[in-house]
Amino acid sequence: MASDHTIFALSSGRPPAAIAVIRICGPQAGRALQRLIGRIPPPRHATLTRVRDPANGEPIDEALALWFPAPYSETGEDMAELQLHGGHAVVAAVLAALGTMEGCRPAEPGEFSRRAFENGRLDLTAVEGLADLIAAETQAQRRQAFRQLKGLIGDRAEAWRRQLIEALALVEARIDFSDEADMPEDLVEPALRTARQLRGEIAAALADSGRGERLRDGLVVAIAGPPNAGKSTLLNRLARREAAIVSPHPGTTRDVIEVHLDLDGYPVTLLDTAGIRDSDDAVEQEGVRRARERAGAADLILWVTDGSVAEAAGAEMVNAALKSNSWRIKNKIDLMGHRPCRSNESSSGNDPQKMFRISAATGSGVDALIAALADFARDYFSATESALVTRARHRSALEETVAALDRALAEGEGGGREELIAEELRAAATALGRLTGRVDVENLLDVIFRDFCIGK
Ligand code: GDP
């Protein structure tokens, strides 16, 4: 599928910089290169060359030129790359010259990757992996994105889909050639066996409880507690920057404030919820409702209280409701002097809930809290090395596949109308195809003829 237009773009970061990379892709890429540098360099070799304005021959810059003729390029089309000096005027002059060339236009966002996908160089999951790799903020996110770019889920899904097509071919053969005397009878049972095995493998991939998706988005830790307990101060301390408004007046942090942290390579999103307390003020009530909702959905809640005063009964109740995934943070220990800890301040009964005594203001005890958060993130993500599912899109495609396989298996166990089994297997294969972006219909007869030598 060759493109009509030749596209070009500055592929490196904003000038000024030491180097700027301009890429040109499409049928006119070679001609454009010829006009800029006067020749086509040998394929895939860096060539030092003079770049000239084709309008008047004036030299623009000295650059390294690279030529990747189709199909051995990232997009599968003819591609040229110029590594220029990264000044504003240099980049502007080259882009302007390219803009005057017939059949050439500036690339739209993502258009190079789109061409790579359309030309079969990358499947959809790899394109997503590439986007994630560029967006990755932490090392764990980078590793996950790189695995996906290199086909961790795409290759698995494609292998599953191939097996499904083979199974489908068996059932189709049974349907289409049931009159032929030399057709083996038991074609459906092996197909169902494959379906059963694939169902197990896909369900196992789905059973990662969203860790791959979480690694993309970050583990959510909500800082909650009564007003004035020091939540915003703690958030600032953890973020080491002024992200939340610290105010001596209760109830000022109305909105939920987010801060993204990198804890040992793992992404953690911290939420500072509005002071959770009951209020007559309508706006504040809404803030409280949103705070409860987000805190409730968080992976972990840091329940902050002012350790220097007696805790209100209401706050204890909220705390009890949140207890399953919350840590208790007793703040403002700097105000407590050297008062010894009373024994009932540690976790009650045999509840293993973690408790930290800190001063958000002075920073004392905060390092231990950060270390514990990093451990928590590491434990949470320890199983993600093998996580296939990194997006809701993957999850829904795989769930659809499993559902279709379940229907095929149920049909098969009930004695099985072959047409219905085939239909469900086809639906399962289509759902998998949607995952990688390969939805084109396979020539089933090719598979049948290859495996069974039906016909002569
Ligand atoms: P929030 O309503 O829970 O977000 O509380 P803030 O972070 O706005 O803090 C309320 C007040 O407590 C502010 O005046 C802070 O300076 C103060 N504060 C917060 N943490 C500490 C602490 O560890 N020690 C002391 N002495 N004051 C603190």
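Both counts, for ligands and for their atoms, begin at 1 and track the order of listing.
In terms of polar-atom proximity, D272 is not counted as a contact of ligand 1, lacking any N or O under 3.5 Å from an N or O of the ligand. Between I358 and ligand 1, a contact under 3.5 Å exists for no N or O pair. At least one N/O-N/O distance between A361 and ligand 1 falls below 3.5 Å.
If you number the atoms of ligand 1 from 1 as listed, the ones under 4.0 Å from a heavy atom of S359 come out as 22 (C), 23 (O), 24 (N). Every atom of ligand 1 with a heavy atom of L335 under 4.0 Å away is listed here by number and element: 26 (N).
Shortest non-hydrogen contact noted between A229 and D306 is CB-N, 3.9 Å.
Of the options G363, A360, P226, the smallest heavy-atom separation from atom 23 (O) of ligand 1 is shown by A360. The nearest non-hydrogen atom to atom 9 (O) of ligand 1, considering only N331, D306, T233, comes from T233. The heavy atom nearest to atom 12 (O) of ligand 1, out of those in M336, K330, R237, K332, is found in K332.
Among residue pairs with one or both ends in residues 362-374, those qualifying as side chain to side chain donor-acceptor pair (under 3.5 Å) are S359-T362; sequence neighbours excluded. Pairs engaging residues 357-379 under the ring-ring contact (aromatic ring centres under 6.0 Å, His included) rule: W327-F376 [sequence neighbours left out].
For D78 (side chain) and P27 (main-chain N/O), no donor-acceptor pair under 3.5 Å exists by modelled atom type. No donor-acceptor pair closer than 3.5 Å links the side chain of E424 to the backbone N or O of D406.
Checking V94, V90, I22, L33 one by one against V51, the side-chain contact (heavy atoms from CB on, under 4.5 Å) holds for a single residue, V94.
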